[in-house]
Protein chains: 2
Amino acid sequence: MKKGQVTIRDIALKLNISISTVSRALRNSPEIKLETRKKVLAMAEKLNYSPNVVAQSLRVNKTKTLGIVVPELASHFFASNISGIQDTAYRRGYNVMICQSNENFEQEKSDIRTLVSSRVDGLLISLSRETVSFDHLQNLIDREIPFVLFDRILEGLPVSTVTVDDTLGAYKVTRHLIEQGCKRIAFISGPKGMYISQKRMAGYEKALKEEGIPLETGLVKHSDLTVEVTQSLVGELLDGPERPDAIFAINDPVAIDVMKFLKAKGMRIPQDIALVGFTNMPVSDALEPALSTVDQPAYEMGRLAANNLLDQLMDPDSFEPKNIVLDTELVIRKSSER
Amino acid sequence: MKKGQVTIRDIALKLNISISTVSRALRNSPEIKLETRKKVLAMAEKLNYSPNVVAQSLRVNKTKTLGIVVPELASHFFASNISGIQDTAYRRGYNVMICQSNENFEQEKSDIRTLVSSRVDGLLISLSRETVSFDHLQNLIDREIPFVLFDRILEGLPVSTVTVDDTLGAYKVTRHLIEQGCKRIAFISGPKGMYISQKRMAGYEKALKEEGIPLETGLVKHSDLTVEVTQSLVGELLDGPERPDAIFAINDPVAIDVMKFLKAKGMRIPQDIALVGFTNMPVSDALEPALSTVDQPAYEMGRLAANNLLDQLMDPDSFEPKNIVLDTELVIRKSSER
């Protein structure tokens with residue numbers, strides 16, 4: 001795809017109408033008023049628009065296959081997303097192929113290229129922790145390859161997204177810790193640019209503010225989600241002048257790394273430091289102590305994302321992007337009960 | 001692929017020489033003696049052999065992509081296999097695409113078809129718990145599509161395999177439990193036809209036999225690896241006339257299901273019942289009690305499988321299948337120390 005090639009998006013922007021209206025107008029859909037069709041055709045001529053042959057060939061030669069890109073497979077959360085996608089896809093006659101980006105931006109781009117080369121009919125993508133630009137996603141839009149973003153999304157693109165209410169979930173965690181009498185609540189977050197880091201930080205801040213607890217920047221740490229960095233950040237918190245009495249970890253895998261480190265340092269959970277995660281991995285209640293966490297409907301997220309994409313494939317002309325936000329549930333266990 | 005079409009395998013069988021010799025002879029490789037080349041060509045003519053066009057086209061149009069089929073992604077073991085494969089593939093200039101069979105035989109066949117349709121250059125396959133026949137694998141051989149089997153394999157095919165020494169691993173577990181004073185050691189196995197069920201059963205039996213402990217069939221249970229069936233089988237063991245004093249679970253996920261059930265029933269681990277798994281998932285030492293298990297080099301298995309497949313792709317003519325068997329290590333933790 002050459003930069004600068006005119007797409008239906010350009011036509012839509014110029015006329016200030018939706019992409020799907022332009023798409024339908026160009027196909028002479030009777031659903032679109034004659035006047036609009038004429039305007040679209042005139043603008044298409046003016047901009048020297050020619051339909052994308054690759055995209056058309058993709059549309060004609062259906063492979064009945066969906067591509068999935070996730071940051072990592074060694075995560076129960078993403079594995080459950082995938083199961084939700086896959087079960088839904090099979091029920092509707094589609095196979096799925098999966099790539100993992102290993103939380104690497106270059107790999108994510110390469111994964112998308114590989115799946116597109118395999119002529120998948122559409123994509124379901126959860127972004128890597130490094131992804132902060134979206135040329136590669138804009139490129140899919142320009143080529144008219146349908147995709148849905150889930151969990152790790154970028155806002156502002158004209159595509160469907162499926163997330164949980166990350167802010168509300170983090171708010172519930174922080175409120176719960178305040179109610180347990182915790183005064184110095186640390187937050188082990190992910191990289192600053194990551195969607196879930198920002199949203200969960202917002203919920204953490206909101207709960208502190210409501211209770212008149214000032215935000216201490218020294219209590220907020222950004223891990224790259226590896227065990228090494230997470231544990232060295234917890235080390236910094238423990239060695240600081242005033243220790244936290246609670247740690248909120250951005251997800252359960254990070255919480256487990258925190259738990260192992262605290263136990264190795266002889267800290268008692270929750271007596272010395274209360275601990276809460278976010279995911280509700282099946283193993284979280286078999287830990288010692290059982291981990292308080294936020295239950296995310298991972299399978300349901302996958303199911304909804306797949307249904308949205310498949311609806312789009314069935315009827316591209318009448319499709320409009322949706323932002324689906326699911327609720328979460330705080331699960332209180334021993335790791336935070338004081 | 002029609003049944004009955006003549007392949008180079010048929011020629012090899014008739015002449016009692018290797019497939020790769022036939023392949024090289026048909027390409028007039030100077031490495032093969034003229035006499036052998038003549039014999040192969042004569043047999044090819046006699047059997048009315050014609051080269052497989054699909055396979056040839058696959059060989060010419062390299063996609064530089066490998067396909068992986070695993071039973072499930074929500075398993076740290078298979079996720080680590082995949083990481084080992086993927087890192088190795090990238091280093092050698094290949095992408096990977098992954099499908100999961102969900103432990104379902106029909107799905108496994110569909111996954112392989114999907115990946116072959118996407119024209120992957122080769123496949124790495126770990127079989128579902130239901131897979132006991134191998135027409136779908138023979139079909140790949142007939143079409144000259146290279147593949148390697150790992151962990152969940154079928155023996156007797158002329159392809160490379162990568163496994164751990166499952167029998168020795170299970171033997172080490174059983175001996176350890178006997179040394180801890182356990183007298184009635186139950187084995188929660190997987191489906192009877194599954195490769196790892198058979199190999200681990202053999203190790204369990206060998207250790208009992210060495211110590212003169214008779215094999216009690218009532219202590220061997222076959223789970224389909226779901227939490228429901230596993231826990232109902234443990235229920236049967238607990239309700240039996242004479243309870244086991246130890247449980248060896250075929251893998252860590254099953255061991256975690258057993259652990260949760262035993263704790264819910266008020267049983268103390270290891271005092272009432274000792275417990276050992278097989279995998280060494282990272283979470284296994286954060287459990288209460290920490291889980292004894294067998295460490296499997298999952299990443300290394302993936303790395304070796306990928307290197308073997310890539311060697312085969314680089315130089316198909318001189319390739320001969322290998323059976324790679326890796327050693328395991330018994331990791332003793334609190335769940336089995338009495």
Side-chain angles (χ1 to χ4, degrees), chain A residues 63-70 72-83 86-87 90 94-102 104 106-107 110-111 113-115 117-120 227 252-253 255-261 263-264 281-291 298-299 334, chain B residues 63-70 72-83 86-87 90 94-102 104 106-107 110-111 113-115 117-120 227 252-253 255-261 263-264 281-291 298-299 334:
Chain A
T63 57
K64 287 274 183 180
T65 303
L66 306 181
I68 305 175
V69 181
V70 291
E72 55 161 346
L73 293 168
S75 142
H76 198 275
F77 176 73
F78 290 117
S80 304
N81 286 151
I82 291 170
S83 289
Q86 197 169 16
D87 291 351
Y90 291 156
Y94 280 74
N95 282 302
V96 302
M97 293 194 299
I98 304 144
C99 288
Q100 69 176 335
S101 66
N102 285 319
N104 179 297
E106 290 306 318
Q107 186 55 47
S110 165
D111 286 346
R113 274 195 303 273
T114 301
L115 290 167
S117 300
S118 294
R119 303 191 302 111
V120 293
V227 55
D252 281 6
I256 291 170
D257 293 341
V258 172
M259 181 182 279
K260 285 188 187 180
F261 187 80
K263 283 161 90 169
M281 284 168 64
V283 80
S284 58
D285 67 340
L287 300 170
E288 173 57 27
L291 181 66
Y299 182 92
K334 286 202 179 141
Chain B
T63 57
K64 288 276 184 176
T65 303
L66 306 180
I68 305 175
V69 181
V70 291
E72 56 161 346
L73 293 168
S75 141
H76 199 276
F77 176 73
F78 290 117
S80 303
N81 286 151
I82 290 170
S83 288
Q86 198 169 16
D87 290 352
Y90 291 156
Y94 279 74
N95 283 303
V96 303
M97 293 194 298
I98 304 144
C99 288
Q100 68 176 336
S101 67
N102 285 319
N104 178 297
E106 291 304 320
Q107 186 55 47
S110 165
D111 286 346
R113 275 196 304 272
T114 300
L115 290 167
S117 299
S118 295
R119 304 191 303 111
V120 292
V227 55
D252 281 6
I256 291 171
D257 293 340
V258 172
M259 182 182 280
K260 285 188 186 181
F261 186 80
K263 283 161 87 170
M281 282 167 67
V283 80
S284 58
D285 66 341
L287 299 170
E288 172 59 26
L291 182 67
Y299 182 92
K334 287 201 178 141

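Given the structure is predicted, the values throughout are model-derived calculations rather than measurements.
Within the 4.5 angstrom heavy-atom criterion, only side-chain atoms of B/I256, from C-beta onward, approach chain A. Residue B/K64: no heavy atom, backbone or side chain, is found under 4.5 Å from chain A. Only the side chain of A/Y90 has a heavy atom closer than 4.5 Å to any heavy atom of chain B. Neither the backbone nor the side chain of B/E72 comes within contact range of chain A; no heavy atom of the residue lies under 4.5 Å from a heavy atom of that chain.
A heavy-atom distance below 4.5 Å is not found between the side chains of A/V96 and B/T114. Between A/S110 and B/N95 the shortest side-chain heavy-atom distance falls below 4.5 Å.
Of the residues considered (A/A290, A/P282, A/S75), A/P282 shows the highest number of contacts with chain B, using heavy-atom pairs under 4.5 Å. Your options are A/S80, A/S117, A/P289, A/S118, and the one with the most heavy-atom pairs under 4.5 Å with chain B is A/S118. In terms of heavy-atom pairs under 4.5 angstrom with chain B, the leader among A/M259, A/H76, A/Q86 is A/Q86.
Listed by chain and residue number, nothing satisfies the side chain to side chain donor-acceptor pair (under 3.5 Å) test with A/K334 (two or more places apart in sequence, or in another chain). With sequence neighbours left out, B/E106 forms a salt bridge (Lys or Arg N to Asp or Glu O under 4.0 Å) with B/K109.
When all heavy atoms of A/K260 and B/A286 are compared, the closest pair comes out as CE-CB, 4.0 Å. In terms of heavy-atom proximity, A/Q100 sits nearest to B/S83 at NE2-OG, 3.7 Å.
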